[in-house]
Structure formats: structure tokens, C-alpha cells
Number of protein chains: 2
Amino acid sequence: MATANIKEVARHAGVSLGTVSNVLNRPDTVAPATRQRVLDAISTLGYVRNDSARQLRAGHSRTVAIVVLDVANPFFTDVVRGAEQVVEEAGAMLVVCNSGEDSARERRHLELLEEQRVRGVLITPVGHGPQPNLDKLIDRGIPVVLVDRGTGRANRCSVAVDDVLGGRLAMDHLLDQGHHRIAYLGGPLSIAQVADRHAGAAAALEERDSGAELRVAVTTSLTVAAGRRAAEELLTLPARQRPTAVFCANDLIALGVLQELTARGLRVPADVAIVGYDDIEFADAAAVPLSSVRQPRDQLGRTAAQLLLEEAEPGDAHRHRHVVFQPELVVRRSSDHPRRTRR
Amino acid sequence: MATANIKEVARHAGVSLGTVSNVLNRPDTVAPATRQRVLDAISTLGYVRNDSARQLRAGHSRTVAIVVLDVANPFFTDVVRGAEQVVEEAGAMLVVCNSGEDSARERRHLELLEEQRVRGVLITPVGHGPQPNLDKLIDRGIPVVLVDRGTGRANRCSVAVDDVLGGRLAMDHLLDQGHHRIAYLGGPLSIAQVADRHAGAAAALEERDSGAELRVAVTTSLTVAAGRRAAEELLTLPARQRPTAVFCANDLIALGVLQELTARGLRVPADVAIVGYDDIEFADAAAVPLSSVRQPRDQLGRTAAQLLLEEAEPGDAHRHRHVVFQPELVVRRSSDHPRRTRR
DNA sequence: CTGGCTGGATGAAACGTTTTAGCCGCTATA
DNA sequence: TATAGCGGCTAAAACGTTTCATCCAGCCAG
């Protein structure tokens, strides 16, 4: 029950306490025979290091935390997996905290993490405002890396994906396929991602000067149901005004659109092409496999973790960096149907 | 940078170190005036408790760990959310570890958690064999609760969902709807859940003595693609032998079946009824909303956490319990179509 | 033979808490 | 008046590491 400590191991092996510690931390500095005696003692006593004591001495822990908005969101789970990989390779441990978009919980987590003297924190903060809690952490010397939020702060690193570019990629693709009437579906626009993706699409359209038009339909949420409703609404338009392609702010909306259109007898992509965003697992598994803009999610996590570990490295003078990843368009059947360009 | 400690706070407030500790831990035992002085000192110095020291003294931490097979699996994310809620209410912290079905990583995690003297571990172990690592933890006095695995061990609590009952529910429902030719799709059978759900379905069929028949089609995995292939195969049967209902070992398979059948011009549920398992988020959002057997996932997590905390409670003599939850059938359109009973 | 060096071990300090025993001055009780 | 009790506080020990200054024996160079 009462776990053996280093002192008992020392007594058992007939050496001093410091020697045991050396076996544990710098095995090459102790003579082979002694080392073996100590190792034997450790295994017969079932000794397990006490991390609290170790941390207390060291002044900081060997764990890194990641605070996400929602553990159940596939975006974050992939980011977590990426970060995990890097952190574990470095011999540290990643703990996952869930703020659930609740800033009180976020604050509580950060307080606890601070008490634990974690090595650093990867976080997608709730909201977009200033972050006094994070500044406090940074003041204390705990590195913070922002994930997919607020690029550009001077006192911390960040990683993000270029959503404007994502919108651009989708739009360029649809224009390449010869579409002239295109709709952007997504909302609310207060979500930065939704707005950025639209901005990218609009910019691409502008630049091409193709005479194509982009109609925006703002949805109230980013769900399958919202997609269905939006599609329903599109269907009220006379066929000649109806978009021949829709670009959706995320895949859930896109799937909703796909379902509704199919149910109403329209063919995808022949009658209407669809491009989604996120490339969730189901995109490929949809009735008509969905074209989608893919974000390098695990790489986001990996890079964030790397930046953090680099900053946490002692001596090294660290310069904050802001890494922006480029999304990638995955073309599948839902948009793979060139139109004869009229006009 | 160098964070203030309790001693500095004491000096700053002109009291002894012990008094500061009392303010922190038993505020009512210290006179209001003194207390205020201490609190002021704490806030002006920006003092933050050092959890390592606290833990070292206490002999154990205030964190609970959950080790899951896959952080990205919706089943586990829901379990995590449930556990999180309970653990946080108890003022502790939940750390999520991901074994990724890799027993080496699982072992590594358990070692680290042991070093950290965590309060307890919720775990779905990799594989079904004996668990020496877990036994070691338990020997050390660290409570372990099994989640969805290996019910019935004597030295630990467990929570699980009755998969046999789940199979039974699905089957009873389909029989109630008047189906006579029914297929069970899922695999590999080496997965306990797949086997149990089938066992339940078979038992239900047996008991009803309805003359209905259950055809089993074993798939190689539990994916949408596997579902599609399985459906394709069913379609090779002459119509008179073709099942009028399929019960799938999970929703992914069910969605694949739904897609393939629809693509081949069969109507769901009119021609073929479908029941899935897990009630994933997409079940409701499918082209034809999918009937499915729902597991109380967050409750699984909540209960597991409760059992753990109860066991970790000191004085209290704890008796290990094995809680089995009952799944629930959610009927949606995919199976909502009674048949005229022939014969 | 001496002095310096080296590999290998030791002892003690330090990390920051919590807790326990005890002290002090005061009041209520016998 | 002595005593017990109590509220409020202090001093010191203890938790288990890591690290650092020492120490010792043996060895080599001079």
C-alpha cells in the first residue's frame, strides 16, 4: 500500500539515496555492479517514482495541456492526436481539457493548469476578445500557443489554417467547372471561419471577372438540418435562376443540401454541384461522395506542440511565430461534372 | 517570473506561514482582519498555489484519468464528457489519455499515471485478456473502473451496456413490424460487441418462435464501405429470398446499407427496413433517418466516475460494483413501416 | 614520496506545501 | 483564585525528489 520511496531502495541496495537518484537519472555515472544492485532493489520493492516530488524539485511539470472548445468535435480530436504524437515523442504527457465553449470552465482549467505548473498550454480560447487569463499565464513564463484563433498576437505563437484561401480554392474549382450561378451557404457570419471562407470565395470570383454571380444564403447554424432548410429555399427559385453549384461553409450543411436535393429529385452533381468544407469522415462516405476543403488538422496539432516545446526549451531564445497552413481541395463526385460554358 | 510562494505571502502579510495555509484551506479558522491581510498579500503578489508541493504532502493528486481506445471515437468522447462532469463537480480534474488501441502506449500511460499518483483510473483496456498493469495499479491502492469491458472482475468496479439486450430490442422491433426474413450485418465476430448484439437478436428470434429466419452476413469491418458491400451482396439474392429487414452491428454499416439500397432503387423502409446501433449523430441526419439502438454513453461516463470517486473516498469501505446499463431503441423512419403478416 | 586528478560514491540542502503540537492571552466556570 | 477551555496564531516536521559540494581511494606524473 504505502509505496516504497527512494530511501528504502537505497537502504535495500546498501547505497546512499543520491546514488539511487543517479541510477534513475544518469545511469552511466554509476558503476555497473552498483547500478545492478539498485535496479534489483527497485524491482523487488516495486518502486515507482513520485512525480510530485520530482516536479516540486524541478519547479515545473513534464505535462503539456491542450484546452479545446469541444472534445467531441472531430476537428479538435484530430488536432489532439497530432499534438499528442509530438508531445509523447518528447517524453512528456498531453492532458486534454475541455472548455465546452464556456469561458468560466476555461478559466477554471487555466487556473488548475497554472497550479500544476504545466510546461505549456495549447489552446483555442473561447471567444475572440482579449485574453487576460492567457496573458497572466504568459507573464508567469508558461508558454501558450493559440490554435486556430487570433493569429498575430505578439507575445505568443499561433497556428491556424487559411480559411480565406480555402474559400478561394472551392470557388476557383467551381468556376473552373464552368459554373455561373453559385451559392454560398453558411452562417452565422459572426463566426470568423464562416466569414473568411466567404471572403475567399468572393475574392476569387472578383479576380476571375467571369461574370459569374455568388448568392449568399446565411444559415442560423452549421448543421445538417440547416443545410436542408437552405436547400429547400434554393428550390423555391425558378430553375433558370437557381444556382448550379453551392459552396457550403462546412460539410454538415453540405450533407443536408445533398439530401434535400436528392430527395427532391435533383441530381448531384449533374443538376447541382456541391463543395463542402472540413472533409469530415462522412464526406467520403456520403451517398454522393462530397468534394470538400480539407484542413491539415493533425499537422495543426503537431506544429502547435512543436512550437510549444521549442518555447519551453530553456536556454534557447525563442521567437514567436505564427504558422498558417494551407487547406487543400479534395475533389470527389459531388462537384466533378464540368458544364458546357454557355455564353 | 519566479512565482511567489507561501512564505513570501506570509512575510508580506506579517503573519506566519501556517496562517496563510489556513486562509487557503480553512478560512473560517482565521480572524477576519488577518484573513483579509493575507488575501490582499496573495493578490498583490499574484500568488498561485503549487500543486506539486501540495500533492507531495497529501500523498496523492486530485486528478482522475480516463484512458480511452480512441479520442476521436464519438462513443468515447461522450463517455469522457459524462465523466468530466462528475469529476469536475467533485473539484477534481479529468485528464484524458489515448491508448489508440496500442497496448504499449496504454502501458506507458499507466506508468506515468502511477508516477503521478492519480486518484484513480477509468479505462477501456486494449484487448480482453488479463490485465497485469491494472492489477498492479490496484495493488498500489489506485482505484480502477473498467468502462465497457470485462464486467465481473472481483477487484474492481465496472460499467457496461448490455449489448445482448440491444440486439434483442432491435430484433423484437423488427419482428413486431411483421418481418420474416431478417439479416444481421456486422463483423468481425471476434469483437465482443458484434457477437453480443447478434446473440441478443438470435435469442429474441428463438423466443418468439415466429418462424422468421435470421441470416447473418459477416463483414470485415464496421465501416460505411463494408455496409455498402454487404448490401450489394444481399441484392444478389432473388427478391423472394431477400431479407425485408436488416439489423446492423453499428450505424456506419447501416448508413452504407441505406446508401447502396437507395442507389439501387430500393426504398427504405418500404422495401427493406434498417435498424442500426449506436445512434450516432448522423443517424438522425441521414437521408432516411435511421432507427438505432442508443447506448447511454454519457451516463456510462458519469457512473464510472461516480464509482471511482466513491472508491477513492478514504474511510468508506467500498464494495466493488458492476453496473450494466440498458440500451434503448430509437425508432425512426428507416424501420417504421409495418408489414402485412403473410401466412 | 608528493600532489593532482579521476571515477564513484555520499550527505545535506532545497523545493513549497500541509499538518500537528503547542503557545498565548482571554473568558467562563467551579 | 485556580483551572479549564477556546480562539487565534506560530514553529517545526514531514512529504520524496534532485542536485551540489564533498569525500575517498586509487592511480599516474613528476
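Hydrogens, waters and symmetry mates are skipped; everything else that's a heavy atom, side chains included, is used.
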Can you tabulate the close N/O pairs, meaning under 3.5 Å, that link protein atoms to atoms of nucleotides 8-11 of chain C?
unit_1 : atom_1 : unit_2  : atom_2 : d
C:dA9  : OP1    : A:Thr34 : OG1    : 2.2
C:dA9  : OP2    : A:Ala31 : N      : 2.7
C:dT10 : OP1    : A:Ser16 : N      : 3.3
C:dT10 : OP2    : A:Ser16 : N      : 2.7
C:dT10 : OP2    : A:Ser16 : OG     : 3.0
C:dT10 : OP2    : A:Thr19 : OG1    : 2.5

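- Within the 4.0 Å cut-off from OP1 or OP2 of C:dA13, not a single side-chain nitrogen or oxygen of A:Arg57 is found.
- In this view, A:Arg57 satisfies the salt bridge (charged side-chain N to carboxylate O under 4.0 Å, His left out) rule with no residue, not counting sequence neighbours.
- Residues that satisfy the side-chain hydrogen bond (donor to acceptor under 3.5 Å, both in side chains) test with A:Gln36, not counting sequence neighbours, are A:Asp40.
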Side-chain donor-acceptor distances from residues 129-136 of chain B under 3.5 Å, at least two apart:
unit_1   : atom_1 : unit_2   : atom_2 : d
B:Gln131 : NE2    : B:Val126 : O      : 3.3
B:Asp135 : OD1    : B:Asn155 : ND2    : 3.2
B:Asp135 : OD1    : B:Arg156 : NH2    : 2.5

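- At the heavy-atom level, A:Asp51 lies nowhere under 4.0 Å from the strands shown.
- Annotation: side-chain hydrogen bond (donor to acceptor under 3.5 Å, both in side chains) contacts of A:Arg107 (sequence neighbours excluded): none.
- Read 5' to 3', the first and last nucleotides of DNA chain D with an atom closer than 4.0 Å to a heavy atom of chain A are D:dG16 to D:dT19.
- Under the salt bridge (charged side-chain N to carboxylate O under 4.0 Å, His left out) criterion, the residue pairs touching residues 71-80 of chain B are B:Asp78-B:Arg81, B:Asp78-B:Arg297, with sequence neighbours excluded.
- For B:Thr77, there are no side-chain hydrogen bond (donor to acceptor under 3.5 Å, both in side chains) partners, not counting sequence neighbours.
- B:Asn22 meets the side-chain hydrogen bond (donor to acceptor under 3.5 Å, both in side chains) test with B:Arg26; sequence neighbours excluded.
- A salt bridge links B:Arg321 with B:Glu310: the closest approach of a Lys/Arg side-chain nitrogen to an acidic carboxylate oxygen falls below 4.0 angstrom.
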